[in-house]
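Here's the structure we're looking at; comments come further down.
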Amino acid sequence: MTSKKVTMLVNVNDKIGHINPEIYGHFSEHLGRCIYEGIYVGENSPIPNIEGMRTDIIDAFKQIKVPVLRWPGGCFADEYHWKDGIGPKENRKSIINTNWGGVTENNSFGTHEFLKFCELVGCQPYINGNVGSGTVQEMSEWIEYITSDATSPMTELRRVNGQDKAWKLKYLGVGNESWGCGGFMRPEKYVDEYRQFQSYCKNHSGNTLYKIACGPNATDYNWTEIIMKNIDPNFVNGIDFHYYTVPEWNNKGQATVFSDEAYYKVLESANNIDTIITRHTEIMNRYDPDNKVGLVVGEWGCWYDVEEGTNPGFLYQQNTMRDAIVAGMELNTFNRHSKRVVMANLAQAVNVLQSVILTEGETMVKTPTYHVFDLYKEHQDADAVYCYTDFVTEYNNVPFVTSSASEKNGRLTITMTNASLTEAADIECTLAGIHCTNVNASVLTEEVHAYNDFDTPERVTIKSLPAEIADNKLSLTLPPCSVVSVALS
Ligand code: AHR
């Protein structure tokens, strides 16, 4: 195996942002087997559960410290009427999930169940309200139902349904992809809808909402421009931008069978998010120089053709080392942009697109992407610090090595990816602004097509990696196709 030398510099004195834990967030939609069979199996299931929520999923989410979960969609959100999903389950309406396979949605997982799941995981809920086919009153009442401790028809209804005390809800999305499945609106139209809807989403009983407007699709810079120009930062806290890693929408390719060329194309698409975020940030900086409005990457991840024999409307795909490299690269990007990027939600948490977990009956598998979140979790709530890496182009503008670094309580975390399928990266990293004598490195590496399946759940797992620290210089070798995390103190 050949190797290339890569020079790095980490300067802890140069703080470039704060890494909100929410950057390590996830997304759960009523789509395919994400909610039903994934998160929720019902109280009467033989699969171990707490009030219907799978305990294995709760434990796995806790291990990677899932900080926030977005729900109920996605496109589903703009057809979701929350009152269908409350009260005795036998009385809840069944509806057609028109976006995702036309299947029956029996609404047995609704507001109470979602908030209970978040409580069990210990994460913040991020609820996406319905602008596309909902009303201002409906959204306003949902917020009141969830967050008010006063006496009102909504709070009485909540109490009748078994929840006496109001919940806390911070993150509220006002519409999803309003430029697409959420109403195919022009940005000018959406701006007015947003202004009206948000006016009636009140802060009740000491709860403070963080209101998130629908943001741009990928490179739609005009959307960002119109939103930022027409919504006063006093009325919006964040904008929700979506970017999927898909080199060609009409030729998405398979998740597990791909050529080296297809591998690098996917990585090139993943790496493009860096430039795209930079351009949206530049627009936001012009209208909001004080950085009041956060950029939320509300949906991101790889999107391939569905696995053979599965429902095309369920978006079920496997997850290989390629996906792990994408996750490692993009999370490094979000860390580096953490001055503006306040949250990111991988699509989607279980059994849909780039999931961290796959389930089959009572078994569950942690995907390579799951392990990347495990490797990166120490970045949560740390200060992002300057991290320079020699940019050595590997193929089509895909960087050989990507990196990010953060510091919390005297502990430094550096995460890195090596995209090359053939060459190792010999890292020589100088540390400034901190004196470290202890080092501990971990790696996720395997042949690029490797994945974890129900009969081989541990094929791709985290291992330890030799690393040395001497005279404040870190040296280690990243194997080809690897994601690495280094802890220094
Ligand atoms: O994640 C699948 C879908 O992709 C979401 O429902 C939608 O918001 C996006 O287009």
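Both counts, for ligands and for their atoms, begin at 1 and track the order of listing.
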Exercise. Would you call Tyr24 and Ile64 a side-chain contact if the rule is heavy atoms closer than 4.5 Å?
Worked result: no
For this session: For ligand 1, list the protein residues that place a heavy atom within a distance below 4.0 Å of one of its atoms, sorted by chain and number.
Result: Phe27, Glu29, Leu31, Gly74, Cys75, Trp100, Asn176, Glu177, Tyr244, Glu299, Trp303, Gln348, Leu353
Problem set entry | Option among Asp374, Asp323, Asn319 that satisfies the side chain to side chain donor-acceptor pair (under 3.5 Å) test with Thr369 | Asn319
Problem set entry | Pairs flagged by ring pair (Phe, Tyr, Trp, His ring centres under 6.0 Å) wherever residues 315-349 is involved - sequence neighbours left out | Trp300-Phe334
For this session: Would you mind telling me which of Trp71, Phe109, Trp100 makes a ring-ring contact (aromatic ring centres under 6.0 Å, His included) with Tyr80?
Result: Trp71
For this session: From the options Phe373, Phe117, Tyr126, select the one residue that forms a ring-ring contact (aromatic ring centres under 6.0 Å, His included) with His26.
Result: Phe373
Exercise. Which of these, Lys292, Glu225, Lys229, sits in a side chain to side chain donor-acceptor pair (under 3.5 Å) with Tyr287?
Worked result: Glu225
